[in-house]
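Accompanying notes for the structure given below.
Since we're looking at a predicted model, the values are computed, not measured.
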Amino acid sequence: MQHISTTPFGRRAVSAGLLAHQTLAQAAPALPAIDKYSILDDLRDARVHFELSDRDLGVLAALLSFLPSRQISDEAQTLVYPSNRILSERAHGMAESTLRRHLAQLVRAGVILRHDSPNGKRYAARNYQGDVVRAFGFDLRPLLVRGAEIATKAAEAREAAFAHKRLREDVVLRLRDACKLIEYGLETAPHNVWEDLAIKGASLRKSLRRVLDIATLETMLTEITAMLRAIHTNLNPIKTVELSGSDVQNERHYQNSNKEHSDFESCAKERASSEPNVPEPKTPPNLPLSLVLKACPDILPYARDEIDHWHQFVATASLVRGMMGISPHAWQHAQDTMGPEVAAITCAAILQRVSDIHSPGGYLRALTTRAEAQGFSPGPMIMALLNGENSKAA
């Protein structure tokens, strides 16, 4: 009767885990055969459960490559016996000392069994006809026996990874909303509550730089939800611009959905005339040209020459307005009502935030209508742009 040794060669001792894995490997498999690459993929997803690293699986993939068949079954060879040198070549040149360490981990995990020869070498004994009668090496049959268990653990790992990804996305999105709303609160109504919330938000954003488990992410989600409730409690409602009913149809549906727009709209309500329905006289803007250019640098590439005087600035704004889809009628109306310089400043400010404004023409008409009724100053618009740049630089 042929005896297959299951005890390790040399100084390696027998352990309870080794005996348990040997007993399990001798059980009847649930499936008659499994695909060796499919089981390797499943084991890759479930590697944490089996306490395996990616390099352990690299060595296992090298061992699987020595099986002559793609299917692992009791009808086919399941024992491989490559030397360390050949196995190292299949493992992309891994050092032999490192190779032995990963092989030992695969044995401890119970995914392979070691059948050592009397001298510890791996080889196959053949008869006169050349048939293998006894082999010493690594038995891959445990993968067949544990195939169903590995597949189940892989499915659980994939589901957990999907849930973790969705939870992290939810945390990131809510935290982004909270931080941007806090920035808005600090700009419009600064008080201590915003500063405390800003410190809390910065701490949470710093924590997201690490890889967090589900429990930690769930705790963060609870904290961010509480932050959002506090933010909405302290946040003043955003007022929107009401466009005139006489505006052109394709310019009348402007809505304020971004915090930047509220900065623009505040300037349209800056001051009311002492005599309703009587517009103030048009006067040059009470703003240095250099300050306007600093706040609205996007207009500079459109200038033919360096802008040193207001007439050059007005001429450049007249060119830009067409590129933004502002009609000649709307532009002329704004110049007649506000004055050429103020209209040009308004146009440059709209250009600076054009990606956030749905209809630049409708927006200019709305501000022109406000200017007709109440007077108009572009100062708050320019200061809002300057403050926005300063906050980005900080």
Side-chain angles (χ1 to χ4, degrees), residues 238-270 279-287 289 291-307 309-386 388-389:
I238 301 176
K239 297 181 180 180
T240 60
V241 171
E242 296 178 2
L243 298 182
S244 170
S246 62
D247 288 341
V248 178
Q249 182 66 26
N250 64 354
E251 295 179 346
R252 66 180 298 174
H253 292 293
Y254 170 80
Q255 289 183 337
N256 174 25
S257 59
N258 296 289
K259 73 181 185 65
E260 292 88 351
H261 297 177
S262 63
D263 297 330
F264 278 39
E265 290 158 11
S266 63
C267 72
K269 304 175 183 178
E270 178 69 13
E280 293 183 353
K282 296 185 289 291
T283 58
N286 189 22
L287 288 169
L289 179 59
L291 186 68
V292 175
L293 294 176
K294 181 179 179 181
C296 307
D298 288 358
I299 198 173
L300 294 174
Y302 298 97
R304 295 180 179 179
D305 302 305
E306 186 175 354
I307 299 177
H309 302 284
W310 281 110
H311 71 272
Q312 295 172 306
F313 183 73
V314 173
T316 305
S318 299
L319 173 66
V320 167
R321 65 89 193 158
M323 299 178 181
M324 291 192 293
I326 297 175
S327 66
H329 178 269
W331 176 238
Q332 188 61 50
H333 189 195
Q335 291 190 93
D336 293 342
T337 304
M338 303 177 182
E341 293 85 357
V342 174
I345 294 173
T346 306
C347 181
I350 293 174
L351 174 66
Q352 198 65 30
R353 294 283 175 81
V354 70
S355 61
D356 301 321
I357 298 175
H358 176 67
S359 173
Y363 194 82
L364 181 62
R365 285 181 180 274
L367 297 180
T368 303
T369 300
R370 295 288 181 180
E372 285 181 319
Q374 303 171 354
F376 180 75
S377 171
M381 301 172 70
I382 298 303
M383 295 310 298
L385 290 170
L386 287 171
E389 289 301 320

Check the orientation of F313 and W310. Use parallel for under 30°, tilted for 30 to 60°, and perpendicular for over 60°.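 The rings of F313 and W310 stand perpendicular, inter-plane angle above 60°.
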
Atom [atom1] in [X], atom [atom2] in [Y]: separation rounded to 0.5 Å?
{"X": "M338", "Y": "T368", "atom1": "CE", "atom2": "OG1", "result": "3.5 Å"}
{"X": "I299", "Y": "I345", "atom1": "CD1", "atom2": "CD1", "result": "10.0 Å"}
{"X": "L293", "Y": "E306", "atom1": "CG", "atom2": "CD", "result": "9.5 Å"}
{"X": "T316", "Y": "R304", "atom1": "OG1", "atom2": "CZ", "result": "8.5 Å"}
{"X": "C296", "Y": "L386", "atom1": "SG", "atom2": "CG", "result": "8.0 Å"}
{"X": "I357", "Y": "L351", "atom1": "CD1", "atom2": "CG", "result": "9.5 Å"}

At their closest point, which heavy atom of [X] faces which heavy atom of [Y], and how far apart are they?
{"X": "L287", "Y": "P378", "result": "CD1-CG, 4.0 Å"}
{"X": "C347", "Y": "M324", "result": "SG-CE, 3.5 Å"}
{"X": "A343", "Y": "W331", "result": "O-CZ3, 3.5 Å"}
{"X": "M381", "Y": "A349", "result": "CE-CB, 3.7 Å"}

Would you sort out whether E341 and L289 count as a side chain to side chain contact (heavy atoms under 4.5 Å, CB included), showing the intermediate values? CA-CA 10 Å; E341 293 85 357; L289 179 59; over 6 Å; no

Beyond-backbone contact of [X] with [Y], side-chain heavy atoms, under 4.5 angstrom:
{"X": "R365", "Y": "S327", "answer": "yes"}
{"X": "M323", "Y": "Y302", "answer": "yes"}
{"X": "R321", "Y": "P360", "answer": "no"}
{"X": "V314", "Y": "Q335", "answer": "yes"}
{"X": "V320", "Y": "D298", "answer": "no"}
{"X": "L385", "Y": "R353", "answer": "yes"}

Can a donor-acceptor pair be found, under 3.5 Å and without considering hydrogens, that links the side chain of Q312 to the backbone of H309?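 Indeed, once roles are kept as given, a pair shorter than 3.5 Å links the two residues.
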
Please walk me through it: do T337 and T369 pass side chain to side chain contact (heavy atoms under 4.5 Å, CB included)? CA-CA 9 Å; T337 304; T369 300; over 6 Å; no

Less than 3.5 Å apart, any donor N or O on the side chain of H333 or E372 sitting next to an acceptor on the other? yes

